[in-house]
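We use all heavy atoms of the structure for the numbers below, so side chains are in, but hydrogens, waters and symmetry mates are not.
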Amino acid sequence: MDLVIVESPAKAKTINKYLGSNYKVLASFGHVRDLPAKDGSVRPDDDFSMDWEVDKPSQKRLSDIATALKTSDRLFLATDPDREGEAISWHVLEVLKQKKVLKDKPVSRVVFNAITKKAVLDAMANPREIDAPLVDAYLARRALDYLVGFTLSPVLWRKLPGARSAGRVQSVSLRLVCDREAEIERFKTDEYWQIAAKLTTPRDEEFVARLTSFEGEKLNRLSIGNETRAFEIRDMLNGASFQAASVEAKPTRRNPGAPFTTSTLQQAASAKLGFNASRTMQVAQRLYEGMDIGGETVGLITYMRTDGVQMAPEAIDEARIAIAKTFGDRHVPEKARVYTAKAKNAQEAHEAIRPTSFDRHPKDMEKFLDRDQARLYDLVWKRAIASQMAAAEIERTTAEILAENGGRQATLRATGSVIRFEGFLSAYQEHRDDSKSPTEQPEEEDEAARLPEIGGRDTLKKRSIDPTQHFTEPPPRFSEASLIKRMEELGIGRPSTYAATLQTLEDRQYIVQDKRKLFPDSKGRLVTAFLHNFFEKYVEYDFTADLEGKLDRISAGELAWKDVLRDFWTDFSAQVDGTKELRVTDVLDALNEELAPLVFPDRGDGSNPRACPRCGEGKLSLKLGKFGAFVGCSNYPDCGFTRQLGSNMQAEGVDGEGLNEPKVLGVDPDSSEPVTLRSGRFGPYVQRGDGKEAKRSSLPKGWLVADIDFEKAVQLLSLPREVGLHPETGKPILAGLGRYGPFLQHDGAYANLDSIEDVLTVGLNRAVTVIAEKKEKGGRGGRGTPAALATLGEHPDIGGPITVREGRFGPYVNAGKINATLPKSKDPTSVTLEEAIQLLNERAEKTGKVPKKAAAKKPAAKKAPAKAKTAKADDAEAPTEKKKPAARRAPAKAAAPTAPAPKAAPKTELIKASKVKAD
């Protein structure tokens with residue numbers, strides 16, 4: 001019997017069916033080793049030797065693999081076909097060597113781009129050895145990410161308290177978001193006018209023409225800059241005669257785009273389906289690993305982490321046959337289309353993302369897939385088949401129109417297009433690019449309209465002249481999709497890292513999402529400003545892209561990985577050493593200068609924006625506290641003025657500096673206590689009464705200090721409010737504002753509301769409906785179990801399905817009797833099977849609920865600290881402040897309670913990579 005190692009249990013089951021009873025297929029569940037999250041795991045002074053740690057769940061899986069290998073004749077390493085997959089195979093092999101179970105058994109590496117019987121059997125028939133240069137590139141990347149994270153993050157903690165971490169790719173991606181926000185803040189709006197004429201042909205058919213020149217001056221979008229000029233032109237055109245000067249119909253061809261890469265799939269899924277990057281990759285992973293299609297488990301799409309844009313020759317042939325059968329022979333081009341990548345540093349090591357068989361039409365697959373899977377598969381199938389279809393044939397018509405009025409002349413243009421042959425548009429149409437502002441978008445609306453028949457010298461009648469006012473707009477904020485597109489254009493990161501990098505920035509609270517747009521949080525702005533001032537080279541786009549290029553050259557065997565590390569570490573360590581004498585006051589001076597327009601905005605009265613509004617003598621400055629940055633007075637402690645920074649770096653309350661003292665809004669009619677508006681360390685709030693028993697309420701997100709009056713304050717202080725009694729139970733329904741936002745509560749059941757306005761205005765009828773709808777969808781109702789949001793697969797030890805559920809205190813995963821809460825920043829729709837298994841195992845260890853299967857094999861393990869699984873992501877190593885090394889001795893202050901000594905951590909398996917050669 002032969003042993004085959006893959007990454008996921010779902011893939012293991014499918015492949016075992018393909019290979020038959022002579023093979024045993026086991027899953028590694030992703031990476032089995034990682035660098036310990038502590039100082040010294042990578043040692044530059046010891047020729048970049050590394051320590052590797054095997055976490056507790058992986059120890060068991062590796063033991064199972066070693067046991068199975070003892071009775072096997074041969075080992076096949078069949079992990080994913082990318083750099084991370086190669087690294088996992090290498091790690092498994094090295095551990096097996098350490099356990100001395102390999103002996104003289106042959107070891108082979110096999111890769112397949114799709115999980116179909118043919119692809120798997122072909123791969124097994126063509127094994128190879130582990131690709132040493134690919135492993136070297138992984139080691140270099142892992143060492144670089146570790147060295148940056150564990151060297152730079154402590155500098156941040158010491159010099160910029162409240163900062164969480166820095167990372168090689170993470171910090172550069174954050175800079176993109178911050179730079180875009182700064183660009184928006186600097187943007188100066190310009191007014192401009194456009195003039196359109198509604199005209200009719202001699203056959204009374206209406207169309208619209210736009211002004212292009214006036215009295216010999218060619219006009220661009222911004223040429224008409226004010227109302228006076230616009231109305232002058234309008235008056236001239238109102239009295240003018242109109243005649244068609246020329247009409248030209250020009251045939252054009254529009255070619256299809258390439259099949260999806262990882263980044264273009266994420267962009268299209270965001271625009272067309274509303275998926276975030278993590279959700280897209282989760283659904284794509286399921287489609288790749290295999291679905292039950294009429295009793296047969298088969299992968300529906302090829303490997304989804306790729307920057308390649310070309311399909312395999314046999315797939316192109318199959319696509320051309322499917323095009324002829326589905327759309328007709330005319331839709332098949334004379335020659336197959338060939339694509340090349342445009343992205344910087346594209347490796348193109350794998351195929352583009354495509355269906356494993358074009359015969360599996362999306363309509364036929366719908367009954368086997370859930371809604372999200374069906375929609376994403378439909379997108380992949382259509383884009384891939386469109387990439388090999390004939391060009392669309394479009395006739396674009398342009399009519400030039402002359403307007404004359406008493407010797408004054410103007411020219412207008414009407415455009416329109418007609419699709420003469422749809423070609424690839426029959427299958428797929430591109431989404432709108434959200435990375436450009438509306439003023440940068442082409443005027444596609446006019447071109448998409450069909451013009452009526454216009455003769456070369458036709459006299460045209462005027463129906464109306466319509467001048468419209470517009471204002472230029474700044475570039476739009478990044479969405480996840482457009483940020484990924486920009487990262488790919490610059491060569492920052494790799495296909496497997498995009499989603500995880502964005503998740504890291506959200507987890508660190510460096511960016512926030514609002515209506516699918518990315519905003520830098522104040523923490524992110526401060527970290528970026530710090531790095532820009534003191535580590536500028538390492539957040540430059542070109543430097544990061546060039547380093548990615550070197551990693552690619554290592555993969556190709558063109559560079560030695562340790563040489564790249566030495567060159568990097570020499571400069572980087574010197575830069576870090578140069579900050580040792582840097583004082584926090586130096587950091588604050590630099591940040592005050594760089595962020596002054598945001599932190600100290602102009603008050604509009606000519607006064608110094610940094611003058612303290614309370615004492616009038618002190619100077620406002622950024623201060624750093626335990627919970628992050630705030631604005632304070634230089635005369636502290638004599639002057640205690642402070643102002644919390646908002647999430648967008650604007651100081652909250654800047655429009656109400658009078659909040660330095662409580663502002664009386666009115667007197668509560670029931671209690672006769674004053675209702676005041678105040679400002680605290682954590683932002684503005686309203687208060688009724690005084691002292692410890694006073695009722696307080698923070699201002700909800702989006703409410704401005706200037707808009708708060710007595711009525712709104714009383715409404716906030718009245719929460720939670722009773723909406724009414726439920727007609728069935730007779731129990732009260734309450735509306736309130738909680739940790740997770742606006743809510744309704746009835747008899748132990750909670751239902752979300754959309755906004756604070758709903759909390760204040762919702763009536764009984766709607767409240768009853770919302771609670772009923774939540775109950776129908778599986779929301780928590782008293783002691784009932786919430787319905788599953790998703791089923792991820794079977795737990796290998798606990799047994800039974802792993803489900804994702806929405807609970808009263810947030811989303812969680814469940815298997816059997818074990819529940820594990822998801823991290824606050826984790827989207828419940830993006831949880832993978834491997835992540836869920838890890839969370840459940842950690843929870844089982846913590847609570848002592850040992851899974852039955854594991855308990856049958858060995859006694860319950862002692863409690864172990866949780867260790868995060870290594871994702872396929874850059875910056876996964878970046879430590880958080882909780883993991884920082886022991887701080888230097890601080891000056892004596894008030895005695896603090898002594899913390900209990902930590903328990904000894906369980907022994908973990910440490911293997912020195914310096915003793916193991918990659919090749």
Side-chain angles (χ1 to χ4, degrees), residues 7-8 10-11 29-31 79-85 88 113-115 169-170 173 259-291 299-308 350-355 369-380 383-384 479-485 487-488 493-507 513 516 518 789-790 792-793 804 822-823 825-838 869-876:
E7 288 187 42
S8 78
K11 195 190 303 183
F29 289 77
H31 273 282
T79 49
D80 286 345
D82 59 3
R83 185 159 46 200
E84 292 293 322
I88 292 171
N113 193 45
I115 301 178
V169 173
Q170 161 196 324
S173 303
F260 284 131
T261 62
T262 300
S263 67
T264 55
L265 176 64
Q266 290 171 342
Q267 293 163 40
S270 174
K272 289 178 174 283
L273 308 180
F275 290 1
N276 63 22
S278 296
R279 181 61 177 158
T280 300
M281 297 310 290
Q282 181 195 27
V283 177
Q285 181 87 27
R286 297 292 298 275
L287 294 174
Y288 163 69
E289 290 186 342
M291 311 298 298
L300 292 183
I301 66 172
T302 54
Y303 192 57
M304 63 287 162
R305 295 186 181 96
T306 176
D307 55 15
H350 311 297
E351 274 191 87
I353 303 169
R354 61 167 176 85
L369 308 175
D370 66 28
R371 183 169 180 268
D372 285 352
Q373 292 165 354
R375 293 166 71 202
L376 193 67
Y377 179 70
D378 180 75
L379 204 62
V380 171
R383 173 74 172 239
S479 63
E480 277 196 356
S482 60
L483 180 59
I484 287 170
K485 179 182 179 182
M487 289 169 65
E488 184 181 43
R494 276 291 170 260
S496 62
T497 70
Y498 297 140
T501 298
L502 295 182
Q503 188 64 53
T504 298
L505 292 177
E506 288 195 60
D507 291 345
Q513 284 204 54
R516 296 175 60 191
L518 303 180
L789 301 176
L792 304 179
V804 184
L822 295 181
S825 59
K826 185 67 178 176
D827 180 357
T829 64
S830 68
V831 182
T832 64
L833 177 63
E834 289 75 15
E835 291 171 334
I837 290 172
Q838 181 187 345
K869 192 96 180 153
T870 301
K872 291 188 174 183
D874 293 291
D875 308 323

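Two residues are said to be in side-chain contact when any heavy atoms from C-beta on lie closer than 4.5 Å; Tyr498 and Glu488 meet this criterion. For the pair Asp507 and Pro823, the minimum side-chain heavy-atom distance is 4.5 Å or more. Side chains of Thr262 and Met281 form a contact here, defined as non-hydrogen atoms less than 4.5 Å apart.
Between the side chains of Gln266 and Glu480, no donor-acceptor pair is found at a separation under 3.5 Å.
Summarising the geometry, atom CG belonging to Leu502 is positioned 11.0 Å from atom CD belonging to Gln170; distances are rounded to the nearest 0.5 Å. Annotation: the span from Asp80 atom CG to Arg305 atom CZ amounts to 6.5 Å, rounded to 0.5 Å. One distance of note links CD1 of Ile301 with CG of Leu379; it measures 10.5 Å at 0.5 Å rounding. Residue Lys485 holds its NZ atom at 12.0 Å from OG of Ser270, rounded to the nearest 0.5 Å. Gln373 contributes atom CD, which lies 3.5 Å from atom CE of Met291 (distance to the nearest 0.5 angstrom). Distance check, rounded to the nearest 0.5 Å: CG of Leu300 to OH of Tyr288 gives 13.0 Å.
Of the possible polar contacts, none joining the Thr264 side chain to the Phe260 backbone as a donor-acceptor pair under 3.5 Å is found. The backbone N or O of Glu351 lies less than 3.5 Å from a partner atom in the side chain of Thr306, making a donor-acceptor pair. The backbone N or O of Ala114 sits nowhere less than 3.5 Å from a side-chain atom of Thr302 that would complete a donor-acceptor pair. Here the side chain of Glu7 pairs no donor or acceptor atom with the backbone of Gly85 at under 3.5 angstrom. Between the side chain of Gln267 and the backbone N or O of Ser263, at least one donor-acceptor pair lies under 3.5 Å. Of the possible polar contacts, one joining the Asp370 side chain to the Asp372 backbone as a donor-acceptor pair under 3.5 Å is found.
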Apply the test side chain to side chain contact (heavy atoms under 4.5 Å, CB included) to residues Leu369 and Leu376: give CA-CA distance (whole Å), side-chain angles for both, the deciding distance (0.1 Å), then the verdict.
CA-CA 10 Å; Leu369 308 175; Leu376 193 67; over 6 Å; no
